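Report on one structure; see the data block that follows.
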Amino acid sequence: MALTKEIMGGRLIDGPSFVTTSRMFMNQRLGMVKKNQFLVRPVLVPLQQIRRQEQVRRVVKGPPVAVISEDIIKANNNTSLPVKAVKFKVRALVTVRNKHKEDLKETIVKQLDALTDNIIGRSVVLELISTEVDPKSKEPKRSKKAALRDWSKKSNIKAERVHYTAELTVDSDFGVPGAITVSNKHQQEFFLETITIDGFACGPVHFPCNSWVQSKKYHPAERIFFSNKPYLPSETPAGLKALRDKELSNLRGDGKGVRKMSDRIYDFDVYNDLGNPDKGNHLVRPRLGGKAIPYPRRCRTGRLPMDSDINAESRVEKPTPLYVPRDEQFEESKQITFSNGRLRAVLHTLIPAIKASISADNQDFSSFSDIGVLYKEGLLLKVGLQDEIWKNLPLLKAVNKIQESGEGQLKYDTPKILSRDKLAWLRDDEFARETVSGINPVSIERLRVFPPRSSLDPEIYGPLESALKEEHILGHLNGLSVSQALEENKLFMIDYHDIYLPFLDRINALDGRKAYATRTIFFLTPLGTLKPIAIELSLPPAGPNFRSKRVVTPPVDATGSWIWQLAKAYVCSNDASVHQLVHHWLRTHASLEPFILAAHRQLSAMHPIFKLLDPHMRYTLEINALARQNLINGDGVIESCFTPGQYSMEISAAAYKNFWRFDKESLHADLIRRGMAVPDPTQPHGLKLLLEDYPYAQDGLLIWSAIENWVRTYVEHYYPDSSIVCTDKELQAWYSESVNVGHFDLRDADWWPKLATSDDLIWILTVLIWLASAQHAALNFGQYPYGGYVPNRPTLMRRLIPEENDPEYANFLADPQKYFLLALPNVLQGTKLMAVIDTLSTHSPDEEYIGERQQPSIWTGDAEMIEAFYDFSAEIQQIEQEINRRNADPSLKHRCGAGVLPYELLAPSSGPGVTCRGVPNSVTI
């Protein structure tokens, strides 16, 4: 309000100066205030009553705002005469966000817009719409249209935000504003942040817009923005009903047409754009989504089909962007951060690629110190391009200038795993610790039967009995028998046998790729820490004399030490792929996209549930589109740098078909499914952790509980009775479309939760917010801190462990370090991955963290819910303090100790950059 007054030069009537009374000039009365209605509405009051109550109008310069002259009042003071509506003016304050940087074309068009605005008045035009319907026309009451003032004068202002005003004329019986239309008659789009209307008795009316308004030349329809007052569909005021339906209709696609980057159309499609068969058979990829390969749906772009495959959508290669609705695209600061990271990635990949293409040397890491050079001296020295012969190449001259500029573009930041103990990655306790407090803490499960059992079909995959025997682990159980260890919940496992074995023949046939299907057994020590005690390595059966399974146990000699290190590396390779393709991509990015698309298509911006979900949908469609373009596509980063290669997305799809269940995506259900917890109503969160020092679960339960409490408060405010949930047509359409269209291939599964009660809605919304915020943060922002040092977390392996009768066994014995390094990714693969996960682990400056919102005081017009949100924010801050306390507790050895990294991936706040902490509201990277 103060800002509004300042910009308008004080030409306002404050809310309290408007008089409300039961004796109204127009024989109107307020009556009982219903839910979701404004407290007061504009009224005309007799002058005598104004004087009697000593309500004096403020004298202002220029035309009065929302006041009526004495002549008009006297003329109408006889209540027996027909009342004629009086015109009055209200003021609009419009906030437009400028771009930080404009290209030449944008600058020219902006100046032309300013010129035409000044000369012929081609401007931005507003029209206010009431919540009430005119009784004669049966149409919503509307103001006169008005243009923004001084657009041309303010065109050169370089501030981030520019404020404009407009005066709108309305009738005295206008009622309460509920919507406003905006027409952009300029040539160029602009970002409309907020509109505030002053001059009504109800006080300022806020319109949080946060949207790009396109030129009428390209998008003729007027843009519709609703006030921040939430309405369930059944409570929509008469004046807004048609507009509510119209705006939703504008956002829905019909499965037809090629989308333009300026469109705001939300529609569904299958993943048929990952391959590029027009470039050759080696880039043919199966379609994901459908009966053959079930998968969630993605945002439709409508691009033309490939020439060689009519069912495959044509590719758009970077830097040309893929379509997502205009308001889903990165804002400028986010785009700058992402582009800078991509520049680093290009440079980091380009240099080793040049060297590899020129030299016969494939540029393997020859020692561990070679990897350390990447952080100290940069890529040029590492790959030998400091020599004069290379420096004279024209391209590398430019690269050298970047290196010499001191900007550090060709150096890597030291990963956090090396910050406290450079040899931590070698230790078994660190290997085990990262399973519960590293980048993938959601694969570990309690071992419930020994030996482990497979659920694969033996008719297809051969004998599936585990090679693990009691004698492999008995000496590591601290005197317990295997049955005792199982009964006392002392044995845990990471099992990648069933997800990998069906693909191993194809993976191991790829050039430079070798993998096992691994199982790792851990024992819970009396100190409360995990230690690995056995690793099972499986290959598909290949004949009677072929050893398809082997078990590696902790070493007792030098040879065993190197075999044990190799075995752990294969486990990490399995883990990296499952983490990236299943837990990270599938369970957060891909599975959420259908819910986001359906929300925009079925929930009005006025709907309270849309307002709740809005910050948790930010940037997700854009980052998913970028992933289809650069990461999960044929020959993209995932295929180039991870063990499964071209079969990567098929592994993801197999997990969707055989593993993913929405009803198991809550934190509680997931912990119980993995046997890491059991229900216990006496515990604070209704669960008892069977591994007490489990940082991801401990901190996650705090955040889950805070989200659930906030969602419960919010939902019960609008749905005090479950019957309202059932009759909310928009809400039911959203959930139905999310399941039946967005997850079409699994729509008939009997495990989908129903949406019939308030509790159902609370659970569904809590799961979605948890996945978008805390779950994604736990799985994403530690990628570079833990994976930026290749030996700690190799994403692919290039050779198997040699058997004693293999020719390579002698080489292994002669130089085990060299063999180990030759099994890891080479320089090109390693540096490419490091550059990409550095970008993926980076927070942008405009990140919004859990407990934060844009326009926190006006995102809704419901003051009670604003107050409840501030309570939620305060609880999040308390959680951060508790996490800090836990990280300093020496009894929690999985997060505190000599050389041990604290667990901060679920610490809510963060600054920009790679911080290994911070929980954004949504999947933004």
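Owing to the predicted nature of the structure, the values given are computational and were not obtained by experimental measurement.
With rounding to the nearest 0.5 Å, the separation of OG1 in T620 from CG in N921 is 10.5 Å. Once rounded to the nearest 0.5 Å, the distance linking CG of D263 with OH of Y218 reads 13.5 Å. Here Y295 contributes atom OH and S591 contributes atom OG; the two are 9.0 Å apart, rounded to the nearest 0.5 Å. Within the model, atoms CG of L746 and NZ of K657 stand 10.0 Å from one another, a figure rounded to the nearest 0.5 Å.
The aromatic rings of H776 and F781 sit perpendicular to each other, their planes meeting at more than 60°, with 30° as the lower class boundary. Ring-plane geometry between W704 and W770 is classed as perpendicular, the angle between the planes exceeding 60 degrees on a 0 to 90 degree scale with a lower cut at 30.
A salt bridge links D846 with R618; the closest basic N to acidic carboxylate O contact falls under 4.0 Å. Taking the charged nitrogens against the carboxylate oxygens, R252 and E737 have no contact shorter than 4.0 Å, which rules out a salt bridge. Of the charged side-chain nitrogens involved, at least one lies within less than 4.0 Å of a carboxylate oxygen, so that R297 and D745 count as a salt-bridged pair. Classification of K664 and D670 as a salt-bridged pair fails, no side-chain N sitting under 4.0 Å from a carboxylate O. Taking 4.0 Å as the cut-off between side-chain N and carboxylate O, E445 and R673 do not count as a salt-bridged pair. Salt bridge status for D254 with K256: absent, with no side-chain N to carboxylate O gap under 4.0 Å. Salt bridge annotation for R264-D327: present, with a cationic side-chain nitrogen under 4.0 angstrom from a carboxylate oxygen. Here D575 pairs with R793 in a salt bridge; the nearest charged N to carboxylate O distance falls below 4.0 Å. R298 and D273 are joined by a salt bridge, as a carboxylate oxygen and a charged side-chain nitrogen come within less than 4.0 angstrom of each other.
In this structure, a donor-acceptor pair under 3.5 Å is present between the side chains of E328 and H600. Using a 3.5 Å distance cut-off with no hydrogens or angles, the side chains of S262 and H219 do pair a donor with an acceptor. Neither side chain, R453 nor S466, offers a donor N or O lying under 3.5 Å from an acceptor on the other.
Nearest heavy atom pair, residue P296 against residue Y271, reads O-CE1, 3.3 Å. The two residues P920 and H843 have their closest heavy-atom pair at CG-CE1, 3.7 Å. Nearest heavy-atom pair across P644 and Y500 is CG-OH, 3.9 Å. Nearest heavy atoms, S604 versus E730: N-OE1, 3.0 Å. Of all non-hydrogen atoms in L501 and L464, the two that sit nearest each other are CD2-CD2, 4.0 Å. In terms of heavy atoms, A599 sits closest to M617 at CB-SD, 3.8 Å.
Counting only distance, with no hydrogens or angles, the side chain of N630 and the backbone of G636 share no donor-acceptor pair below 3.5 Å. Here the side chain of S648 pairs a donor or acceptor atom with the backbone of G645 at under 3.5 angstrom. Panel note: side chain S738, backbone W734; a donor-acceptor pair is recorded below 3.5 Å. With N574 contributing its side chain and T518 its backbone, the two residues share a donor-acceptor pair below 3.5 Å. At least one donor-acceptor pair under 3.5 Å links the side chain of E639 to the backbone N or O of D635.
Between Q580 and I638, the closest side-chain pair of non-hydrogen atoms falls below 4.5 Å. Annotation: side chain of Y266 is in contact with side chain of L621 (closest heavy-atom distance under 4.5 Å). For the pair L586 and L581, the minimum side-chain heavy-atom distance is 4.5 Å or more. Within the 4.5 Å cutoff, the side chain of T839 has no heavy atoms near those of the Y784 side chain. Between L631 and L626 there is no side-chain heavy-atom pair separated by less than 4.5 Å. Contact of the L779 side chain with the V442 side chain is registered, since non-hydrogen atoms from C-beta on lie closer than 4.5 Å. Using a 4.5 Å heavy-atom cutoff, the side chains of D728 and H607 are in contact. Inter-residue side-chain proximity for R303 and V316 is flagged as met; some heavy-atom pair is nearer than 4.5 Å.
Around the CD1 atom of I310, the shell of radius 6.0 Å holds no more than 12 heavy atoms that belong to other residues, nucleotides or ligands.
Among Y656, W751, F595, the one residue that satisfies the ring pair (Phe, Tyr, Trp, His ring centres under 6.0 Å) test with F662 is F595. Evaluated for a side-chain contact (heavy atoms from CB on, under 4.5 Å) with R519, the options V571, D495, I494 yield exactly one hit, D495.
Between W660 and H743, a ring centre-to-centre spacing shorter than 6.0 Å is recorded.
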